[in-house]
Amino acid sequence: MEKFLKEINGETWLVEDERDNMKLDYRIKEVISSKESPFQKVNVIDLHDFGRCLVLDGVIQTTELDGYIYNEMISHIPAVTHENPQDVLVIGGGDCGVVKELIKYKDLKSIDMVEIDRVVVEECIEHMPTIAGNSSKDERVNFLFEDGIKFVNEKSKYYDVAIVDSSDPIGPAEVLFSEDFYVSLKNSLKDDGIMVCQSQSPVFHKDVLKKTHSILKKHFPIVRIYKAIVPSYPGGMWSFTLASFKYDPLKANIEKLAKNTKYVNSDIFNSCFGLPTFMKEDLGLD
Ligand code: SAM
């Protein structure tokens, strides 16, 4: 049995070994699929209360219960902030939830999804249709199975929007939190380009958020942190860091926001950049 599964009174539980002092146990209804890829253990597990979940190396990536919150916030905010996005890059995003949101914008011309692990995409399209949707059938979507850092090194001034939907900064995703990667990503953007990345929990991963913020402040004139509540993520509170050469989300034309969403709307768009005092103090923001 995988080390992140344990039997308790004849029931099987997923144990997310998040921190020394915090273990998250989830009661399992059924293990739908279990694969070992060259990069990680890939499981689709049906959990009580959370529905089907993508689990990589024992860590929950997305769930049917709340995946839309994260996927809507990391995709609609930059898509609406940019005045006229045409070419979009998604790094990671194996569950296809981000691409599912982006295809709601009919004016987009191309969406390159650069995912290191083909097994994740195949398992999610087959076993998690509520998350992946029909994104794989949209002809604007190009699936590229490569390491994100190698891919962006070959691109220059090409993308309007780049979205880094990575797993935690461990294993294959560690490089996606490095300054080298962010500089290459910056160079892959057009002169009025925007990038956004998931920057972990502002409570439990302060160091990651502070490092990401300080790196991007060095390379972009506009850097904005925003937040959302994702119940299945450690502590629930999650952060995103948007960096832009020209367009400021605080001045975005929110009328462009897609209407068929379950979480993001104009009130959320306007309020998600409002940060609690502890985050402002942590980040040295007024
Ligand atoms: N929303 C989730 C989260 O915040 O934890 C992440 C969702 S998505 C499943 C993360 C994807 O990033 C995974 O499919 C993983 O394989 C991919 N990934 C990790 N390292 C990568 C790399 N270096 N290049 C491209 N994709 C990578």
Side-chain angles (χ1 to χ4, degrees), residues 2-4 14-19 22 24 26 33-45 47 50 52-75 89-101 113-125 127-128 131-132 143-152 162-178 180-182 185 195-202 204-205 207-209 211-212 228 230-241:
E2 304 282 8
K3 70 175 176 26
F4 47 80
L14 166 68
V15 181
E16 203 176 277
D17 201 355
E18 168 58 25
R19 309 174 60 76
M22 182 166 89
L24 301 166
Y26 302 85
S33 78
S34 192
K35 296 267 173 75
E36 182 101 25
S37 84
F39 307 98
Q40 53 208 343
K41 288 192 174 44
V42 181
N43 291 89
V44 174
I45 299 178
L47 293 177
F50 290 85
R52 289 191 175 194
C53 307
L54 171 66
V55 180
L56 298 180
D57 285 341
V59 178
I60 288 182
Q61 302 294 310
T62 192
T63 80
E64 288 181 315
L65 175 75
D66 60 9
Y68 64 91
I69 300 174
Y70 171 98
N71 290 326
E72 288 184 11
M73 291 302 281
I74 202 169
S75 48
L89 170 65
V90 177
I91 298 284
D95 54 73
C96 300
V98 167
V99 169
K100 178 183 166 213
E101 294 305 317
M113 192 181 109
V114 179
E115 163 58 56
I116 200 167
D117 195 340
R118 180 188 295 273
V119 175
V120 174
V121 174
E122 291 168 348
E123 291 302 294
C124 291
I125 288 174
H127 300 299
M128 298 186 73
I131 297 273
F143 289 103
L144 301 130
F145 297 107
E146 290 186 50
D147 186 340
I149 195 164
K150 289 203 188 80
F151 180 84
V152 288
I163 297 171
V164 186
D165 174 20
S166 76
S167 23
D168 296 344
I170 49 174
E174 193 172 352
V175 287
L176 302 183
F177 291 79
S178 67
D180 289 352
F181 170 69
Y182 289 132
L185 195 65
M195 64 149 284
V196 67
C197 58
Q198 70 94 355
S199 40
Q200 303 281 112
S201 161
F204 291 125
H205 311 125
D207 51 338
V208 175
L209 174 55
K211 179 182 162 225
T212 302
V230 185
S232 62
Y233 286 176
M237 197 175 187
W238 214 247
S239 75
F240 306 87
T241 304

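To the nearest 0.5 Å, atom CZ of residue F181 and atom CD1 of residue I149 are 7.0 Å apart. Q61 CD to C53 SG: the interatomic distance, rounded to the nearest 0.5 Å, is 11.0 Å. The CD atom of E2 sits 8.0 Å away from atom CD1 of I45, with the distance rounded to the nearest 0.5 Å. Between the CD atom of Q200 and the CH2 atom of W238 there is a distance of 4.0 Å, given to the nearest 0.5 Å. Y70 OH to E101 CD: the interatomic distance, rounded to the nearest 0.5 Å, is 12.5 Å. In this structure, CG in L56 is found 6.0 Å from OG in S167, a value given to the nearest 0.5 Å.
Between the side chain of K3 and the main chain of G58, no donor-acceptor pair closer than 3.5 Å is present.
Side chains of I131 and C124 form no contact here, defined as non-hydrogen atoms less than 4.5 Å apart. Taking 4.5 Å as the limit, every side-chain heavy atom of E123 sits out of range of all side-chain heavy atoms of L54. Residues L24 and I60 are not in side-chain contact: their nearest non-hydrogen atoms beyond the backbone lie 4.5 Å or more apart. When side chains are defined from C-beta on, N71 counts as touching D95, because their heavy atoms get closer than 4.5 Å. Two residues are said to be in side-chain contact when any heavy atoms from C-beta on lie closer than 4.5 Å; C96 and V121 meet this criterion. I69 is listed as a side-chain neighbour of P231, based on a closest heavy-atom distance under 4.5 Å. Two residues are said to be in side-chain contact when any heavy atoms from C-beta on lie closer than 4.5 Å; D168 and H205 fail this criterion. For the pair V152 and L89, the minimum side-chain heavy-atom distance is below 4.5 Å.
When all heavy atoms of P169 and V208 are compared, the closest pair comes out as CG-CG2, 4.1 Å. Nearest heavy-atom pair, A162 versus L185, reported as atom, atom and distance to 0.1 Å: CB-CD1, 3.9 Å. Residue I74 comes nearest to C197 through the heavy atom pair CD1-C, 4.3 Å, listed as atom of the first residue, atom of the second, then distance. Heavy atoms only, all atoms of each residue included: P172 and F39 are closest at CD-O, 4.3 Å. Shortest non-hydrogen contact noted between L209 and S199 is CD1-OG, 3.5 Å. Closest approach of F240 to Q198, counting heavy atoms only: CD2-CA, 4.1 Å.
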*Could you walk me through whether D147 and V175 pass side-chain contact (heavy atoms from CB on, under 4.5 Å), step by step?*
CA-CA 9 Å; D147 186 340; V175 287; 4.2 Å; yes

*Worked check of side-chain contact (heavy atoms from CB on, under 4.5 Å) between S75 and I163*: CA-CA 7 Å; S75 48; I163 297 171; 4.3 Å; yes

*Please step through side-chain contact (heavy atoms from CB on, under 4.5 Å) for the pair Y182 and M195, ending with a clear verdict.*
CA-CA 9 Å; Y182 289 132; M195 64 149 284; 4.1 Å; yes

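Side-chain atoms of Y233 and D66 form no donor-acceptor pair, as typed in the model, at a separation below 3.5 Å. Looking at Q40 and D117, their side chains do bring a donor and an acceptor atom within 3.5 Å of each other.
The number of heavy-atom neighbours closer than 6.0 Å to CD of E146, taken from other residues, nucleotides and ligands shown, is above 12.
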